[in-house]
There are 2 protein chains.
Amino acid sequence: MDAIDYQIMRELQLNAKISMKELASKVFLSSPAVIERVKKLEENGTIKGYQTLIDPEKLDKAITAIVLFETTKCKELYAFCENHPDVLECYRVAGQISYIAKVCTESVHTLEKFIDESMKYGSPSTNIVLSSQENMQIKLTDKLLNQG
Amino acid sequence: MDAIDYQIMRELQLNAKISMKELASKVFLSSPAVIERVKKLEENGTIKGYQTLIDPEKLDKAITAIVLFETTKCKELYAFCENHPDVLECYRVAGQISYIAKVCTESVHTLEKFIDESMKYGSPSTNIVLSSQENMQIKLTDKLLNQG
DNA sequence: ATTGAAACGCCAGAAAC
DNA sequence: GTTTCTGGCGTTTCAAT
């Protein structure tokens, strides 16, 4: 895992569908060499997959909320969140609270419904997202790229 | 935006690098027709991009934390988070708290450093992630696919 | 106007060096 | 890691509905 691998990951993170040829020219290598490196990154699990980013608002999911839970029923809450179509991410955490869910839904009414249902499993505290900055899985900064 | 578009998005979300030919066979259309649909979804912004998923742990970013802030200096905090290499996501929210950041870092020591620095901009409450479920931007359930 | 069919050009993967 | 080569895919064009 050297600096070139980091550069490759940065380019792939910006655009998963970049051609191996173009990627090769960006890192000053031949394309078979780049294909080899990408393959290794896939095999050792560093690259977990390639995903298409969809804009929730275009699908009429206008409201995003971060819901914090105080609960002792983590397993039940986990199952509820996993099966709920509006929960995009959820985290079991150690801290003031014990569970966090990111919900993306149509309206305040569907959000209300979610909150009501979730109350079976814990005490929710809802925070509606006003604006957000969602970048990437990892920020591959120049510093990281240079240190290798 | 019909049921076929939803199906296309689901497949693309699962695997951004699927070939148009294979995608076409999955939705029972010809490949030019699918290419046309994908192009439209890209142009109207429904498809925001194609991203490669990187495993932070493989890059020695062992600790993920959700940090909640009570603050009145949202703009300053926003700028701090945007420029910080360990902040992967941040949200301005309306609720009990006013700002949420997702941090991915090497160790408790680098996390401590982040917390100390962030205290200039607000009062942080740190929740270390024990386990998580991060699926996708949108859950395209069967219900949604059928209703069109 | 929208869909299916064929031809072109380009890329990914394999083999040889 | 590089160059060469080949098979296959994406893309464009055209014909037909």
Side-chain angles (χ1 to χ4, degrees), chain A residues 1-55 58-60 136-138 140-148, chain B residues 1-56 58-60 136-138 140 142-148:
Chain A
M1 187 87 74
D2 61 5
I4 295 174
D5 283 325
Y6 281 98
Q7 251 180 292
I8 288 172
M9 283 186 273
R10 180 161 71 167
E11 295 299 333
L12 282 175
Q13 208 173 210
L14 291 171
N15 176 21
K17 293 182 87 167
I18 188 174
S19 77
M20 291 298 112
K21 193 183 175 186
E22 194 183 342
L23 182 55
S25 77
K26 278 180 188 285
V27 301
F28 305 104
L29 253 63
S30 69
S31 54
V34 168
I35 290 170
E36 178 91 5
R37 281 170 178 266
V38 171
K39 200 177 166 188
K40 279 189 182 162
L41 289 169
E42 288 171 352
E43 282 169 356
N44 71 22
T46 307
I47 291 177
K48 289 194 291 183
Y50 303 94
Q51 195 172 30
T52 298
L53 301 175
I54 309 286
D55 187 344
K58 288 290 194 305
L59 272 60
D60 295 320
M136 31 193 69
Q137 283 71 46
I138 284 287
L140 294 163
T141 59
D142 290 328
K143 189 187 155 215
L144 197 57
L145 293 173
N146 292 330
Q147 81 191 10
Chain B
M1 188 86 74
D2 60 6
I4 296 174
D5 283 326
Y6 281 99
Q7 250 180 293
I8 288 172
M9 283 187 273
R10 181 162 70 169
E11 294 300 333
L12 282 175
Q13 208 173 210
L14 292 170
N15 175 20
K17 294 182 87 166
I18 188 174
S19 78
M20 291 299 111
K21 192 184 177 184
E22 194 183 342
L23 182 55
S25 77
K26 277 180 189 285
V27 300
F28 304 104
L29 253 61
S30 70
S31 56
V34 168
I35 289 169
E36 180 86 6
R37 280 170 178 268
V38 172
K39 202 177 166 188
K40 278 188 183 165
L41 290 170
E42 288 171 352
E43 282 169 358
N44 70 24
T46 308
I47 291 177
K48 290 194 292 183
Y50 303 94
Q51 195 172 30
T52 298
L53 301 175
I54 309 286
D55 187 344
K58 289 289 195 308
L59 271 61
D60 296 321
M136 31 193 69
Q137 283 72 45
I138 285 288
L140 293 163
D142 291 327
K143 189 187 153 212
L144 196 57
L145 292 173
N146 292 330
Q147 80 191 11

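Letters go in sequence order (proteins before strands), and every chain restarts at 1.
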Residues passing the side-chain contact (heavy atoms from CB on, under 4.5 Å) test with A:Thr46, sequence neighbours excluded, are A:Met1, A:Met9, A:Leu41, A:Asn44, B:Ile54, B:Lys58, B:Leu59

Positional range of nucleotides in DNA chain D within the contact set of chain A, heavy-atom, under 4.0 Å: D:dG1 to D:dT3

Select base, sugar-phosphate, or nothing to describe what A:Arg37 touches, counting heavy atoms under 4.0 Å on all strands. sugar-phosphate

Does any residue of residues 40-51 of chain A have a heavy atom under 4.0 Å from DNA chain C, and if so, which ones, in number order? none

Test side-chain contact (heavy atoms from CB on, under 4.5 Å) on B:Phe28 and B:Gln7; report intermediate values, then the result. CA-CA 11 Å; B:Phe28 304 104; B:Gln7 250 180 293; 5.6 Å; no

Distance, nearest 0.5 Å, that separates CD of B:Glu42 from CD1 of B:Ile47: 5.5 Å

Counting only pairs under 3.5 Å, give me each side-chain donor-acceptor contact of residues 11-22 of chain A, with atom names and distances, residues two or more places apart or in other chains.
{"residue": "A:Gln13", "atom": "OE1", "partner": "A:Gln137", "partner atom": "N", "Å": "3.3"}
{"residue": "A:Gln13", "atom": "OE1", "partner": "A:Ile138", "partner atom": "N", "Å": "3.2"}
{"residue": "A:Gln13", "atom": "NE2", "partner": "A:Ile138", "partner atom": "O", "Å": "2.9"}
{"residue": "A:Asn15", "atom": "OD1", "partner": "A:Lys17", "partner atom": "N", "Å": "3.1"}
{"residue": "A:Ser19", "atom": "OG", "partner": "A:Glu22", "partner atom": "N", "Å": "3.1"}

Between residues 16-35 of chain B and DNA chain C, which residues have a heavy-atom gap below 4.0 Å? B:Ser30, B:Pro32

Provide the full list of salt bridge (Lys or Arg N to Asp or Glu O under 4.0 Å) pairs with a residue in residues 28-39 of chain A, sequence neighbours left out, each pair given once. A:Asp2-A:Arg37, A:Asp5-A:Arg37

Do B:Leu23 and B:Val38 have side chains that get closer than 4.5 Å, going by heavy atoms? yes

